[in-house]
Each structure stands twice: as structure tokens, then as C-alpha cells.
Amino acid sequence: MSKSFYVTTPIYYVNGVPHVGSATTTLIVDAVIRYHKLRGEKTYFLTGTDEHAQKVADAAAKAGKTPQEFVDDISQRFVEAWKRLGAEYDRFIRTSEPQHKATTAEVFRRLQATGDIYQGTYEGWYSVADETFLRDSEVEDGKSKETGAKVERVTEINYYFRLSAYGDRLLAHIEANPDFLIPDTRRNEVIAFIKEGLRDVPVSRRNTGWGIPVPGDDSQVVYVWFDALINYLTASGWPSDGWEQLWPADAHLVGKEIYTRFHATLWPAMLMGLGLPLPGHVVGHGWWLVGGEKGSKSKGNIPAPQDVIDRIVKYSGAPVDMATDALRYYLLRDISFTGDAEFGFGQLAVRYNGELANNLGNLLNRALNMLHQYSAGIVPDRAAATASSEIVAAALHATAAVESALDGYNPGAALEAIAKFVAANNKAIDTAAPWKRAKEGNQEAIDQALYIALEALRVVSVLSAPFIPKAADEIRRQLGISAQPIRWSDASTWGLLAAGTQTLTASPVFPRYDAKKAAADEAAEAAPEKPAAQQVKKDTAIDTNLISIDDFAKVQLRIAEIKTAERVEGAKKLLRLTVDAGEGEPRQLVAGIAESYAPEDLPGRKVVIVANLQPATIRGVVSNGMIVAATDADGKAVLLAPDKPDLAPGSKIR
Ligand code: ME8
């Protein structure tokens, strides 16, 4: 039997309930596994809970429960949360299970037999919050220098693991397998950590009644991290027959704080000691920050996934399934692998409205609406005629980009490629302008434009299925192809959408999220007693949701010169502008400045534009970017101009 593609999440501590941080790692694995499943591969997705921590026993005592009662309850909360998020795991492992206890004892015995585990006395520091032993040099003022967590002095008869013997072998493995550690920045960190010199690590603690007893020595329990890492092997069934169908894991996905010390050093060394193959990849992502600090269970500063879903439902009116997919989208789109990312409802709204409601939702809506208007909702016979369209090449390009991103465990890059492909399609419809062709009576041109858009949406339904599975199904339902199962290979075959397919009338998959109302409600909740005047002032306060320099660098601000300006018919506030942004050809923008500026005063003025904003259609006019303006005390727009009037259009603003 062939080996399954096997990927794991960390097993989460049950000292608190699931939050959007733990949800993110689970969803990354879910997206990767779904992608491999769609490719027809045999897959195995492992997640679960880590139950023997000291902090879990402490939390149980605080709740007035026995540790076992406590972990049974919280573990179930993880099961439920992952089900609600659509995480299709194959096994939910719990370290309090008999099978895991037996495997851990077996690993311990084997490493004792080879001399890799030996007896020694440990006196030093232990941080319960991080469940980590620390050296004197890692402690300052009773706290871990790295995490700030409180430490306690412990003296216990202990067992050690001979980690110091594995430095050279680990370095050799990392060298020989350049993609073992992902991303590169973490690989460099690990190499530096190992080169500093590895020391043997304690692997047991005094038995206080909670944990897996050390085989043959009931006075000790196995150190929780040693026990926890073994879960990945337990799930394979090792050492019973058949374990090679799962082991080695193809990848372990983890957050950065448990990367270097545990998953990239201790765990591979343990496997080397057992003579077992190492996992294919260890992939580490950064943290969601909340107000600049790591979001964590113990601080309670990070929302539960369900709270975010409820909020999306409340402010968009989306059904729960679509709100769930919207949360999946945001977490997978914006989690950073090289740095950290601020979790914020503002940014969630930007992604939701910009990429789901506007970009994707709009493409589906307008393509179906026009198909119903011009062709009774029936897919035209235009596959052959559209095969030379630029969109076909773009579809292949997007598919390749999504594959390479997912092969590298980078869902954000995959979603970016999909969003670009959808935007290219919106642009292609604008250019083909079926509504104009209708006035000319050119049905062939209409059919071609609409076939391209609908077929592109079919491709998008395949590419986006690992990330937003319910929305992908909904797109296919509206396209009239829900009876056909999704297969990954169908993304790269143009023309599969059959002529004559009866589509449904469009209904918005992602209704707009009312970010203004959400922000207003939040402000009111935060300051119910404040007088109105003070609340107005809040508008000018600097948002404390800090962004990183990398986030800022994503916004391309440019100097542009206004060439023409005219009012948009029927819209009091809007002007249609063409501007020279140094690109050779002028670009068209729509700006809400008609109440502050007369069109005839504008040509020749230099302004600042956001050049890489996704195109939007405002009152039927396409806007490629946005002019930035300040607001004066009366609420009027004030354009910003460079200090040097002859500054060339296209000049970058940093
Ligand atoms: O460390 N941002 O469990 P844990 C992003 N039991 N991801 C986050 C996050 C945040 N703010 N907070 C948590 C443990 N995570 C051990 C693991 S594995 C053999 C044992 C995610 O409950 C991230 O994946 O503290 C992180 O590594 C994991 O949850 C830590 O979960």
C-alpha cells in the first residue's frame, strides 16, 4: 500500500479554549490537505490536544475539576470548533489516550536502551507558562528573558536526553535537505541555535499525579514536551505493522515559538535516536498580534473563531457557511510566515469587501446577470473561440502559482494569485463591455466575453476550494455545475464548462460587510458613557492597530498629474478623472471630491494616488486606484500636493 500524504498541526494545550491563532494552523493544514485530496492523493490530517502540561493541571484545579474531567471537556471544545470551521481531520489524538501512553513509554524505553536517555540530577529553572526548562543565562529577575514568563526553581531526580550528541547530524541533515525547514528565515535561526551548542535536556519531572509515568520509575512522569512530540508517531501506529503507510510525516505545521527548540531540534534528534526517518518539512508561521502583543489563551486577548463568524454574519448578513469561509479566507490570506501580523476586524473587512464581495462576488454577479440578460442564462458554445484569450494563459499561470504556493505551504501567496486572476477577469469584462456590444447587436462578442468570465469562474471554483470550500460549492451551484465533483486537474483544462449549461440567477455569495456600522458599534460599546463631542474626536485618533513596515510597503503611493476631470452623471459627489501616473498611458479614477473641487480647476494639478488598489466599478465607471485626500473640519476633501511642483508623475512615495 502506498504512503499517505500526512500533515500535522501542533496538539493544542487544553488550558483554554480554541482561538483564531490555533484555528489558523489547523486551517493551513486543512487547506493543504484538501488540495492534495483534490489531486486524488491519499491523505492523512492529524490534530489533537496536549493534555499533560502542568498548566493544564493548574487550570483544572482552578476550575475545581480533576485534570481528566477538565481535559475531557476542553478537548471536546477543540473538536467542535474544528468541525465548525470545516477542518476535515482524519484523527483527533489526545495524549491521555492509552495508545499514546504506550507509544511514549516504548520510545522512552528504547532511548534508555541505547543510552540516549540517562539518569541525572537537574537543578534549574522551569517555566510553567512555556512548559520549558531554562538555564541560568536564560533567566532574569525571576522571568524567562525570551518570553517574560515567570520561572520557578526545581530540583528533581530526572532523566536526560542526550541532545548534545546530535548537533552535527542535525546540521548535516539540514544542509542535505534545503527545504526541511520552512521558511528560510527559520532555517537560519535553527542553524545558529544548533551552532551555539546543544545541551542535554531533562525529559522527566516529579510525578505529582498528572502525566505519563516513566517506565519503571513511578516517581517521575515524562516531561510534557517529550510526551507531546511523540503524538505524531503514535498516530502512525508505530511500532506495530503498517506504520510506514503514514510515517514519516510530510510536514509538521507549527507556530514560531515552538519551532526552533522543539520541532526543528529536539524532535528530529529523538527520531534519529530511534533510527526513524525525519519528517519532510517543518513549517513555522508567525503570530497573530493583538494591539502589538501575541494573541494567547492565557492573556485571553484573542477572539474565538465563532465570535468572529457571528460578527461577520451580523455585519454582512452572510449565511453562517459563507461567514465561516470568510474567516478562513482572512486567516489564510494574512497570516505571515516570515513575520507577525496584526489581527484586526478592519483588515478582515478590507479583505472581505475588497477580495470576496467586490472582486470575486462581483465577477460572478455581473457575469451571471449579463448571461441572463443577453442569453437566457444558458452558457454559450464558445469554448473553442475563446481558447486564445489572454485569460486562458492567466488561468494556467494562476493555477501554477497556487500549486507552487501550496507546495511551499504558503496559503497567502496562493490566495493572492487567485485574487489577481479574478481581478484580471473583471478588467477583461470592462474591456469587452458586453453592454456596448449589445447596443451594436454583436451577440458573438457578448458570448465570447461571457464564456471567458464563466469558464474563469469555474477555474476559480477549483482553485479556491481548498480555502473556501463552501463558497466554491456555491459558485458551482450558481454556475449550474454542482453535480460535477471538483477535481484539481480540471483547473488547467480550458473549456470544460459545457455549452448549454443552465445557470442560476445570481445571488451574492458574500454580501458586503458594513465596516462603518461595525466600527461605530465598537466605538459605542467601548465608550457608552462618553458625550457625543468626544466620540467625534475619536475619528481623528490614531488607530492603535499598528501595522508593520511590510504592511505599509504593500501600498504603492505615487504622484500623478490630473489630465481630465468631469462629473459622473447622477452622482453628486463623484468625478471621473484621467491621470498621468508615469505609466505611458493615462489611467481612469473615480474620486469622491466633486463637492470640494470644480472639475475645471483640476487638470494640471499633482496629486497622490494609491496605484495598486484593485479596480472597482463605481456607478458604472471603472476606477483604477484612488486619490488620497485629507478631510477638513467641515468634512470637505482636501487634496495633497507635492512640495516640489515639477516632481515627475509616477514618483514613488515611501
Ligand atoms: O504549544 N498566532 O500548544 P498551544 C498564531 N501543546 N498562531 C497561534 C497563536 C497566535 N497568536 N497562538 C497559538 C503548544 N497559535 C503545545 C504544542 S506540539 C507537539 C505541542 C498556534 O496550545 C500556533 O500553531 O500553546 C502555536 O504554535 C500553537 O497554536 C500553540 O498552541
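Start at 1 and go down the list; that is how both ligands and their atoms are numbered. Small disclaimer: the values here were computed from a predicted structure and weren't measured.
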Practice item. Write out the residue and atom name of the closest protein heavy atom to atom 31 (O) of ligand 1, then the distance separating them to 0.1 Å. Key: Tyr12 CD2, 3.6 Å

Exercise for review: Among all protein heavy atoms, pick the one closest to atom 2 (N) of ligand 1 and tell me residue, atom and distance.
Suggested key: Trp288 N, 2.9 Å

**Study point:** Identity and distance of the protein heavy atom lying nearest atom 14 (C) of ligand 1
**Key:** Tyr13 CE1, 3.4 Å

Check your understanding: Are any side-chain N or O atoms of Asp30 and backbone N or O atoms of Glu88, one a donor and one an acceptor, separated by less than 3.5 Å?
Key -> yes

**Study point:** Stepwise salt bridge (charged side-chain N to carboxylate O under 4.0 Å, His left out) check, Asp227 with Lys101
**Key:** CA-CA 8 Å; Asp227 151 2; Lys101 290 181 180 167; over 6 Å; no

**Study point:** Under 3.5 Å: donor-acceptor pair, side chain of Trp247, backbone of Pro277
**Key:** yes

Review point. Which heavy atom of the protein is the closest neighbour of atom 22 (O) of ligand 1, given with residue, atom name and distance?
Key: Lys297 NZ, 2.7 Å

Exercise for review: For Gly286 and ligand 1, answer yes if some heavy atom of the residue is under 4.0 Å from a ligand atom, otherwise no.
Suggested key: yes

Practice item. Answer yes or no: does an N/O atom from Ile302 fall short of 3.5 Å to an N/O atom of ligand 1? Key: no

Point to revise | Atoms of ligand 1 close to Ala228 [distance to a heavy atom under 4.0 angstrom, numbered from 1] | key: 19 (C)

Practice item. Name the orientation class of the two ring planes belonging to Phe133 and Tyr126 (parallel below 30°, tilted from 30 to 60°, perpendicular beyond 60°). Key: perpendicular

Study note, to complete from the structure: A student checking ligand 1 against Tyr232 at a 4.0 Å heavy-atom cut-off should list atoms 18 (S), 19 (C)

Review point. Taking Leu253 as the fixed residue, which of Thr26, Ile28, Thr8 is the one that meets the side chain to side chain contact (heavy atoms under 4.5 Å, CB included) rule?
Key: Ile28

Review point. Any idea which atoms of ligand 1 are less than 4.0 Å away from a heavy-atom of His19?
Key: 9 (C), 12 (N), 13 (C)

Check your understanding: Got an N/O contact under 3.5 Å between Leu229 and ligand 1?
Key -> no

Point to revise | atom 15 (N) of ligand 1 - nearest protein heavy atom and its distance | key: Gly21 C, 3.7 Å

Revision key, fill the gap. Given the options Glu175, Arg187, His173, His281, Phe180 meets side chain to side chain contact (heavy atoms under 4.5 Å, CB included) only with His173

**Study point:** Heavy atoms of other groups near Lys42 NZ, more than 12 under 6.0 Å
**Key:** yes

Review point. Among all protein non-hydrogen atoms, which one is nearest to atom 11 (N) of ligand 1, and what is the separation to 0.1 Å?
Key: Gly295 O, 2.7 Å

Point to revise | Sub-4.0 Å atoms of ligand 1 with respect to non-hydrogen atoms of Asp50 | key: 6 (N), 16 (C), 20 (C)

**Study point:** Part of Glu257 within contact of ligand 1 (heavy atoms, under 4.0 Å)
**Key:** side chain

Study note, to complete from the structure: Within the 4.0 Å heavy-atom cut-off, what His285 brings close to ligand 1 is side chain

Check your understanding: Does even one non-hydrogen atom of Thr24 get within less than 4.0 Å of ligand 1?
Key -> no

Review point. Looking at atom 16 (C) of ligand 1, what's its closest protein heavy atom, distance included?
Key: Ile11 O, 3.4 Å

Check your understanding: How are the rings of Phe161 and Tyr166 set to each other: parallel, tilted or perpendicular (split at 30° and 60°)?
Key -> parallel

Practice item. Evaluate the side-chain proximity of Asn158 to Gln220: yes if any heavy-atom separation is below 4.5 Å, no if none is. Key: yes

Revision key, fill the gap. Ligand 1 to Pro10, heavy atom cutoff 4.0 Å, flagged ligand atoms 18 (S), 24 (O)

Review point. Does ligand 1 have an atom that lies less than 4.0 angstrom from a heavy atom of Trp225?
Key: yes

**Study point:** Atoms in ligand 1 flagged as close to His263, the criterion being non-hydrogen separation under 4.0 Å
**Key:** 18 (S), 19 (C)

Review point. Sub-3.5 Å donor-acceptor pair from the side chain of Tyr330 to the main-chain atoms of Gly344, do we have one?
Key: yes

Check your understanding: Honestly, is Arg328 close enough over Phe467, meaning NZ or CZ under 6.0 Å from the six-membered ring centre and within 45° of the axis?
Key -> no

Check your understanding: Going by an N to O cut-off under 4.0 Å, is there a salt bridge joining Asp340 and Lys256?
Key -> yes

Practice item. Let me see the working for Phe262 and Tyr259 under ring-ring contact (aromatic ring centres under 6.0 Å, His included), right down to the final yes or no. Key: CA-CA 6 Å; Phe262 297 116; Tyr259 191 88; over 10 Å; no

Review point. Taking only heavy atoms of Thr25, which atoms of ligand 1 are found under 4.0 Å from at least one of them?
Key: 21 (C), 23 (C), 24 (O)

